[in-house]
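Lettering of chains follows the sequences in order, A, B, ..., and the numbering in each one begins at 1.
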Amino acid sequence: MFPIDLLDGAHDGTPPSQNSPLLQGLNDEQRAAVTLPQGHALVLAGAGSGKTRVLTTRIAWLLQTGQVSPGGIMAVTFTNKAAKEMNTRLSAMLPYNVRGMWIGTFHGLCNRLLRAHHQAAGLPATFQILDTQDQLSAVKRLCKQYNVDDERFPPKQLTWFIAGCKEEGMRPKDVVAADPDTKKKVELYQLYEEQCQREGVVDFGELMLRSFELLRDDAALRAHYQRRFRFILVDEFQDTNKLQYAWLKQLAGEMVNGQLQGSSSVLAVGDDDQSIYAFRGARVGNMSDFVREFGVQHQIKLEQNYRSYGNILDSANALIEHNSQRLGKNLRTDQGAGEPVRVMESPTDLDEASWIVGEIKDLVRNDGYSRQEIAILYRSNAQSRVIESKLFNAGIPYRVYGGMRFFERAEVKHALAYLRLIENPHDETSFLRVVNFPARGIGARSIETLQETARAAGCSLSDAVTAVGGAAGTKLQGFVAKIDVLREDTEGKTLRQTIERMLEVSGLIDFYSTEKEGADRIENLKELINAAESFVTQEGFGKDAVALPVDETGKALTQSPASQGIDSSLPMLDLPLGGVGATAGTDAETGETLSPLQAFLVHAALEAGDNQAQAGQDAVQLMTVHASKGLEFDVVFIGGLEEGLFPHENAMSDKGGLEEERRLMYVAITRARKRLYLSHSQSRMLHGRTTFNLPSRFLDELPEGALKWLSAKGGFGSFAPKIAAAGAYGAGARGQFGSYTPKGPEIFANPVVPVQKAVPGHGIVKGKSVFHTKFGEGKVLAVEGTGDDARAQISFPRHGTKWLALAIAKLTVVD
DNA sequence: ATTCATTGCTTTTTT
DNA sequence: AGCAATGAAT
């Protein structure tokens with residue numbers, strides 16, 4: 001369907017030096033992609049085909065051959081991680097620095113655009129960004145104000161509705177509301193917008209939508225950026241939603257009779273087979289739309305895989321073949337077949353976990369694999385629990401990805417709220433978050449009065465405090481005065497000093513130091529200071545901003561970009577953000593500079609921080625399949641390959657659901673370099689009850705020749721080789737296998753690690769020293785309870801005395 | 001204001 | 001089952 005279009009790099013008549021060191025080691029397809037001539041192009045980059053390398057080399061190539069200066073390049077990604085990776089690689093490849101380019105996430109770049117043109121966009125210069133939590137609390141507040149029945153309109157659903165509308169590019173007036181429920185939602189959407197506007201805040205969707213509208217409605221501005229960005233590169237194009245696609249079109253040129261006209265070149269890199277975010281609005285269809293509307297001339301497929309052995313790729317290829325909606329692509333490798341893909345069936349999820357743990361022990365002990373090169377992937381987060389407990393009991397270090405991110409933690413959010421109030425006393429989300437935290441006797445009643453007063457007077461909460469009388473009024477005024485003092489105190493101070501002062505004045509530190517679980521919260525607040533410090537250093541605040549000469553057309557000014565005066569000390573937000581001939585840091589209209597504090601707050605919202613657990617040394621990696629995208633490991637376990645779980649039953653409702661699940665499986669398989677294990681269990685504890693599931697249909701879709709069934713080993717081999725016997729424990733067999741409930745001794749013959757309940761002694765005894773991954777070494781003061789309920793009281797020198805549940809806390813006995 | 005009890009939710013997730 | 005968030009009781 002898509003012909004491979006190998007280009008020799010000499011189409012535009014001026015053959016660039018094909019022997020450039022940049023092109024060394026690239027295969028023909030990669031080289032063709034890197035040296036593409038001007039014009040729009042689509043690169044279908046299979047898993048492990050060197051996609052990031054192609055993207056970065058392409059940029060380096062464009063610069064090196066003088067086709068464009070850094071200012072003429074935009075590279076868009078989805079995650080901060082990907083953007084960072086691109087930056088890092090580019091800095092390594094290029095002799096000069098990378099700052100002049102616009103490299104970032106969609107939201108990051110939108111933020112940049114809106115900062116530069118906040119006036120045209122109708123936003124205050126210091127607008128702040130609401131994350132998902134903030135958005136939810138804003139909606140809750142709204143619902144309360146308008147007495148919305150939160151049974152019928154759960155705030156969470158409203159936030160989904162609003163985000164969904166924005167992703168589709170729809171303002172309240174654009175939504176077709178047929179039924180009264182939708183009408184009500186649209187009404188609330190409208191009110192929510194007004195509230196955000198009043199408070200000077202934007203949510204993630206708004207960043208995208210607002211900057212799209214800015215470009216759409218301001219022809220001069222649009223023309224400027226269209227001229228500036230000669231080359232636009234988009235990573236993970238299959239994950240773009242409708243709005244992001246429309247946004248790209250605005251930057252790339254003008255639509256004339258359904259065809260895009262413009263002088264810029266858009267390179268979209270993606271893999272339709274790895275599209276796993278349709279559930280949150282991604283449109284794979286953007287790929288074919290792109291080809292049609294942009295009049296794409298060149299399509300290149302990167303099918304050479306440098307990651308996995310043949311059996312793994314054969315499995316991936318065979319599986320994805322079952323999808324009908326594909327552009328068509330087959331991965332190949334020179335590495336040989338490698339080991340077969342191992343498949344295992346276990347009677348229960350506990351056995352499955354035990355088996356995985358045993359296998360990992362062998363891999364590490366006998367085969368010399370390092371733990372961090374082993375990943376356990378699962379469809380849903382709930383599955384990690386069992387595996388974690390088995391790993392823990394076996395004393396194998398592991399790391400779970402996902403969960404709370406740094407800037408999302410309650411104490412950090414509290415601190416950020418105070419900081420936001422310093423900048424903007426009218427930020428009501430922040431105001432309400434901390435007006436009574438730490439508790440200062442301002443109850444719900446007082447707040448209600450304040451809200452009524454503010455509404456009556458048509459002013460913000462903080463302005464309304466003086467109008468509230470009585471004891472409540474005094475307390476409220478005290479709070480506002482506290483913030484005012486803080487604002488004056490920190491005027492002109494460094495970010496570090498500001499945060500330290502805030503922690504003191506707010507009473508947060510005092511509060512947490514009296515809390516019993518407060519020690520690690522204080523730790524996190526201290527960490528906030530560190531985060532701010534490294535933000536300041538990295539972003540180069542405090543150094544003089546240097547003007548960057550911007551060529552109108554974005555064309556190379558000189559052959560040596562190093563001489564263009566790009567200064568690495570330029571903070572990203574200070575860059576001349578367009579506006580014709582803008583000068584960084586000074587131009588009041590376009591290059592307005594944020595204070596370090598403001599910039600840090602933006603950073604905190606836009607980049608929620610690492611969500612990895614302790615960056616432990618050599619630990620087995622646990623994560624959902626979604627989280628594994630873009631990563632690779634020597635050994636991969638995929639657990640829970642059962643109907644209803646993977647493919648997940650909730651995903652099967654819509655027509656594309658099964659295919660998306662299959663792509664998810666495809667992503668999972670292609671993470672493995674050397675060895676792949678697939679596993680399913682006959683029964684599983686799910687939502688508190690034991691369920692019995694058939695093996696996943698995906699197992700049927702793999703090539704028999706690439707697989708090796710291990711189940712025989714355990715005595716359940718009678719069911720293998722597999723699916724032919726599937727009916728035997730199908731729906732009719734539900735009762736029959738009821739006795740496999742995880743109770744009593746292990747039925748299964750491969751129990752490398754004894755079941756938890758069989759171990760009354762966890763080794764943790766009064767008087768012993770234990771090690772906790774976070775708190776360090778501590779002494780056991782007491783032990784209580786048995787089995788899963790066992791708890792120990794442990795005294796840590798740096799974190800005080802804590803009660804820890806042994807089933808949860810990661811403790812190892814120190815001899 | 002703090003603590004305890006009840007209720008609801010539970011696919012995947014970035015920004 | 002387990003957790004978070006809400007509501008009632010002290």
Side-chain angles (χ1 to χ4, degrees), chain A residues 76-83 104-111 129-137 140 150-151 154-157 160 163 166-167 202-209 236 239-241 243-244 275-282 349 377-383 385-386 389 401-405 407-408 410 436-445 511 515 602-609 611 623-630 640 644-654 657 660-661 663-665 667-668 684-691 742 788-789 805 807-808:
Chain A
V76 204
T77 63
F78 273 86
T79 64
N80 291 305
K81 203 174 137 201
T105 62
F106 274 102
H107 293 85
L109 297 182
C110 285
N111 172 56
I129 298 164
L130 299 184
D131 66 15
T132 320
Q133 274 179 56
D134 300 329
Q135 195 195 3
L136 183 62
S137 65
K140 277 183 184 162
D150 52 8
E151 296 275 281
K156 215 178 219 147
Q157 266 181 37
W160 292 339
K166 291 187 180 181
E167 267 163 17
V202 298
D203 60 36
F204 288 129
E206 188 70 21
L207 279 175
M208 269 317 310
L209 182 53
E236 306 279 16
D239 287 338
T240 51
N241 63 34
L243 179 58
Q244 286 158 338
S275 156
I276 54 174
Y277 287 113
F279 74 93
R280 65 169 200 225
D349 50 347
L377 309 184
Y378 34 80
R379 175 65 236 268
S380 62
N381 280 310
Q383 287 170 254
R385 179 173 295 282
V386 188
S389 112
Y401 285 70
M404 265 283 164
R405 322 263 271 298
F407 287 113
E408 287 168 3
N436 195 34
F437 192 94
R440 42 178 78 86
I442 300 171
R445 200 62 260 269
F511 174 80
E515 279 275 285
V602 169
H603 165 83
L606 229 38
E607 207 169 324
N611 58 356
M623 66 192 81
T624 63
V625 180
H626 282 93
S628 76
K629 190 166 166 213
L645 191 61
F646 200 175
H648 200 283
E649 55 190 345
N650 296 5
M652 311 286 271
S653 45
D654 48 299
E660 175 144 323
E661 291 291 299
R663 290 192 293 270
L664 201 48
M665 180 69 185
V667 167
R684 181 174 296 277
M685 280 291 268
L686 259 176
H687 312 148
R689 71 178 59 221
T690 308
T691 57
D788 283 348
D789 298 327
I808 298 158

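Atom pair A:Y378:OH and B:dT12:P shows a separation of 10 Å (rounding to whole Å applied). What separates CE of A:M685 from P of C:dG2 is a distance of 8 Å, to the nearest Å. One atom, CD of A:E236, and another, P of B:dT15, lie 12 Å apart when rounded to the nearest Å. When the C1' atom of B:dT13 is taken as reference, atom CD of A:Q135 falls 14 Å away, rounded to whole Å. In this structure, A:H107 places its NE2 atom 12 Å from P of B:dT14, rounding to the nearest Å. Between the CG atom of A:L664 and the P atom of B:dT13 there is a distance of 10 Å, given to the nearest Å. Atom-to-atom, CG of A:L686 to P of C:dG2 comes out at 13 Å; the value is rounded to the nearest Å. The interatomic distance linking A:E649 (CD) with B:dT12 (P) rounds to 13 Å, in whole Å.
The salt bridge (Lys or Arg N to Asp or Glu O under 4.0 Å) check on A:E649 picks up nothing, with sequence neighbours excluded. For A:E660, the salt bridge (Lys or Arg N to Asp or Glu O under 4.0 Å) partners two or more places apart in sequence, or in a different chain, are A:R663. Among residues two or more places apart in sequence or in another chain, the side chain to side chain donor-acceptor pair (under 3.5 Å) test is passed with A:D203 by A:Q135, A:K166, A:Y192. Applying the side-chain contact (heavy atoms from CB on, under 4.5 Å) rule to A:V386 yields the partners A:D349, A:L350, A:A353; only residues at least two apart in sequence or on another chain are considered. Evaluation of the side-chain contact (heavy atoms from CB on, under 4.5 Å) rule for A:F437 yields A:H414, A:L508, A:F511, A:Y512 as partners, not counting sequence neighbours. For A:N381, the side-chain contact (heavy atoms from CB on, under 4.5 Å) partners at least two apart in sequence or on another chain are A:Y378, A:T624. Under the side chain to side chain donor-acceptor pair (under 3.5 Å) criterion, A:S380 pairs with A:Q383, not counting sequence neighbours. For A:D134, the side chain to side chain donor-acceptor pair (under 3.5 Å) partners at least two apart in sequence or on another chain are A:K413. With sequence neighbours excluded, the residues forming a side chain to side chain donor-acceptor pair (under 3.5 Å) with A:R440 are A:Y418, listed by chain and number.
Between the side chain of A:E661 and the main chain of A:H648, a donor-acceptor pair closer than 3.5 Å is present.
Close to B:dT14, at under 4.0 Å from its OP1 or OP2, lies a side-chain N or O of A:R405.
At a threshold of 4.0 Å, the pair A:R405-A:D131 does not count as salt-bridged, since none of the basic side-chain nitrogens sits closer than that to a carboxylate oxygen.
Residue contacts shown for A:G441 are limited to sugar-phosphate atoms, with no base heavy atom under 4.0 Å away. Backbone-only engagement by A:Y277 is indicated by non-hydrogen atom pairs under 4.0 Å involving sugar-phosphate atoms exclusively. Contact annotation for A:N80: backbone-only contact, meaning every heavy-atom pair under 4.0 Å involves sugar-phosphate atoms and none involves a base.
For A:T79, the listed nucleotide lying nearest its side chain is B:dT15; candidates were C:dG2, B:dT15, B:dA1. Of all nucleotides listed (C:dG2, B:dT15, B:dT13), B:dT15 comes nearest to the side chain of A:L606.
Residues A:E236 and A:T77 have side chains not in contact (no heavy-atom distance under 4.5 Å, counting atoms from C-beta outward).
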Tabulated below should be each protein N or O lying under 3.5 Å from an N or O of nucleotides 4-6 of chain C; please produce it.
{"residue": "C:dT6", "atom": "OP1", "partner": "A:K140", "partner atom": "NZ", "Å": "3.2"}

Under 3.5 Å, N/O pairs linking protein and nucleotides 9-11 of chain B:
{"residue": "B:dT11", "atom": "OP1", "partner": "A:N650", "partner atom": "ND2", "Å": "3.4"}
{"residue": "B:dT11", "atom": "O4'", "partner": "A:H648", "partner atom": "NE2", "Å": "3.3"}
{"residue": "B:dT11", "atom": "O2", "partner": "A:R379", "partner atom": "NH1", "Å": "2.9"}
{"residue": "B:dT11", "atom": "O2", "partner": "A:R379", "partner atom": "NH2", "Å": "2.3"}
{"residue": "B:dT11", "atom": "O4", "partner": "A:N650", "partner atom": "O", "Å": "3.2"}

Close N/O contacts between protein and nucleotides 3-6 of chain B (under 3.5 Å):
none

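Each of A:R440 and A:E660 has a nearest nucleotide on DNA chain B; the 5'-most of these lies closest to A:R440.
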